[in-house]
Participant: 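After the C-alpha cells below, expect a handful of questions from me.
Quick note: residue numbers are just sequence positions, from 1. Side chains included, hydrogens not; waters and symmetry mates left out as well; all remaining heavy atoms used.
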Amino acid sequence: MKKINAGKLRAIGYDPRERMLRVEFDDGSAIDYSGVGTEVWRKLSTSGSAWSYYRDNIEEEFTGRRGTVRPKAASQALEDLFRAPDKEADS
C-alpha cells in the first residue's frame, strides 16, 4: 500500500496479477475495485491530483466492493512477522 494524502484518500494499492485496486479513505473504509488495468494504476499512483483522478476515472467506472481498513496493530504485527531480520540485530 502506498500512503497518500489526497482529498479523502489515505492509501492506495494494486495487485497486478489479480488486477485489483484497493483505495483506503480517511474514515477507515476501503473499496476494492476489480478489473483495473496497470495503466489506470500508474496514472492514479503518479497523479498530482489523485483524488480527482480517482473520482473521474475509477469511482464509477469499475465495480467496487466495500471493506474496512485493517487496524494498524494487526497489520504491523504481520509486517513484523514477515520482515527480514535487521543486520544490526545479528551483530
Participant: Would you mind writing out the side-chain donor-acceptor pairs for residues 25-37 within the sub-3.5 Å range, not counting sequence neighbours?
Facilitator:
unit_1	atom_1	unit_2	atom_2	d
Asp27	OD1	Ser29	N	2.9
Asp27	OD1	Ser29	OG	2.6
Asp32	OD1	Arg22	NH1	2.9
Asp32	OD2	Arg22	NH1	3.0
Tyr33	OH	Tyr54	OH	2.6

Participant: Please name all residues satisfying side chain to side chain donor-acceptor pair (under 3.5 Å) with Ser47, sequence neighbours left out, ordered by chain then number.
Facilitator: none

Participant: Please list every donor-acceptor pair under 3.5 Å in which a side-chain atom of residues 56-64 meets a protein atom from a residue at least two apart or in another chain.
Facilitator:
unit_1	atom_1	unit_2	atom_2	d
Asn57	ND2	Tyr53	O	3.2
Glu59	OE1	Arg55	NE	2.7

Participant: Would you call Trp51 and Ile4 a side-chain contact if the rule is heavy atoms closer than 4.5 Å?
Facilitator: no

Participant: Dump the intermediate steps for side-chain contact (heavy atoms from CB on, under 4.5 Å) on Glu24 and Ile12, then the final yes or no.
Facilitator: CA-CA 6 Å; Glu24 297 179 354; Ile12 55 175; over 6 Å; no

Participant: Return the set of residues passing side chain to side chain contact (heavy atoms under 4.5 Å, CB included) with Arg19 (not counting sequence neighbours), or none when no residue passes.
Facilitator: Tyr14

Participant: Could you measure the distance from the CG atom of Leu44 to the OG atom of Ser49? Nearest 0.5 Å is fine.
Facilitator: 10.5 Å

Participant: To the nearest 0.5 Å, how far apart are OG1 in Thr46 and NZ in Lys2?
Facilitator: 7.0 Å

Participant: Looking at every heavy atom in both Asp15 and Arg17, which two are closest together, and how far apart are they?
Facilitator: OD1-N, 3.1 Å

